[in-house]
Amino acid sequence: AQSVTQLGSHVSVSEGALVLLRCNYSSSVPPYLFWYVQYPNQGLQLLLKYTTGATLVKGINGFEAEFKKSETSFHLTKPSAHMSDAAEYFCAVSDTGANNLFFGTGTRLTVIP
Amino acid sequence: DGGITQSPKYLFRKEGQNVTLSCEQNLNHDAMYWYRQDPGQGLRLIYYSQIVNDFQKGDIAEGYSVSREKKESFPLTVTSAQKNPTAFYLCASSSGTGNQPQHFGDGTRLSIL
């Protein structure tokens with residue numbers, strides 16, 4: 001079965017600093033990978049996804065993620081944090097051809113003014 | 001606008017009572033899902049349905065039931081057998097293939113009176 005590990009349940013950064021949220025997955029085959037963001041009392045919104053092709057994926061709100069097969073990682077980055085980035089972020093993975101997503105336990109991002 | 005509508009936003013249950021959470025989508029998606037979210041545990045799959053009149057148990061189906069009589073609708077019933085129902089419940093839908101993201105509703109928060 002697939003599993004996803006998000007290192008760090010809480011991450012704090014200063015406004016304008018680099019954001020790095022880590023995600024590692026376990027899979028015997030190249031998976032599909034997703035990052036979602038959740039604001040308080042709301043559903044999840046898709047930030048970006050990797051399916052095939054270019055391993056550096058750009059998403060909404062200035063976020064991007066790089067698929068590294070050798071490291072089984074899909075870390076999320078943003079060069080300069082904004083106050084509005086404060087939220088919870090979830091990494092998810094699905095097998096090729098499968099329908100279900102496996103979610104990490106989430107990372108809560110705090111942005112310090 | 002296409003999307004997923006969950007209702008109600010907040011729901012209270014008395015001991016021994018069944019309650020039903022509504023989920024409707026107008027995205028013409030074949031697959032629909034129910035997740036339970038607890039603090040620090042990420043999202044856990046309760047039930048999913050890939051086609052009308054068919055559904056499968058997820059990881060934590062005990063104490064829950066669903067139906068899928070229409071493509072647009074996937075209601076979740078939290079039965080009295082679910083001893084710890086207090087949680088945030090999220091409904092999602094997708095086109096049904098692994099490389100497509102799931103789209104989420106804004107959730108229902110269920111509490112015990």
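What you see is a predicted model, and the numbers here were worked out from it, not measured in a lab. Each chain gets a letter, A, B and so on, in the order the sequences are listed, and its residues count up from 1.
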For the hydrophobic clusters of this structure (ILVMFWY residues joined by side-chain heavy atoms under 4.5 Å, transitively), does one cluster hold both [X] and [Y]?
{"X": "A:W35", "Y": "A:Y39", "value": "yes"}
{"X": "B:I4", "Y": "B:V52", "value": "no"}
{"X": "A:F67", "Y": "A:V19", "value": "yes"}
{"X": "B:V66", "Y": "B:Y35", "value": "no"}
{"X": "B:L21", "Y": "B:F104", "value": "no"}

Decide if atom [atom1] of [X] counts as having more than 12 heavy atoms of other residues, nucleotides or ligands within a radius under 6.0 Å.
{"X": "B:I51", "atom1": "CD1", "value": "no"}
{"X": "B:K9", "atom1": "NZ", "value": "yes"}
{"X": "A:L7", "atom1": "CG", "value": "no"}
{"X": "A:E15", "atom1": "CD", "value": "yes"}

Please classify the contact of [X] with chain B as side chain, backbone, both or neither, using a heavy-atom distance under 4.5 Å.
{"X": "A:T105", "value": "both"}
{"X": "A:Q45", "value": "neither"}
{"X": "A:L101", "value": "both"}
{"X": "A:Y36", "value": "side chain"}

Which region of [X], side chain (C-beta onward) or backbone (N, CA, C, O), has a non-hydrogen atom less than 4.5 Å from a non-hydrogen atom of chain A, or is it both or neither?
{"X": "B:Q102", "value": "both"}
{"X": "B:Q6", "value": "neither"}
{"X": "B:L43", "value": "both"}

For the atom pair [atom1] ([X]) and [atom2] ([Y]), what is the distance rounded to the nearest 0.5 Å?
{"X": "A:L46", "Y": "B:H103", "atom1": "CG", "atom2": "NE2", "answer": "7.5 Å"}
{"X": "B:Y33", "Y": "A:N100", "atom1": "OH", "atom2": "CG", "answer": "5.5 Å"}
{"X": "A:F103", "Y": "B:Q41", "atom1": "CZ", "atom2": "CD", "answer": "14.5 Å"}

For this session: Could you tell me whether a side-chain N or O of A:Y32 sits under 3.5 Å from a main-chain N or O of B:P101, the two making a donor and an acceptor?
Result: no
For this session: Heavy atoms only: give me the nearest B:F88-A:Q42 pair and the separation to one decimal.
Result: CE2-O, 3.5 Å
Problem set entry | B:R109 to A:N41 - nearest heavy-atom pair and separation | NH2-OD1, 3.0 Å
Exercise. Are B:Q37 and A:F90 close enough that some pair of their side-chain heavy atoms sits under 4.5 Å apart?
Worked result: yes
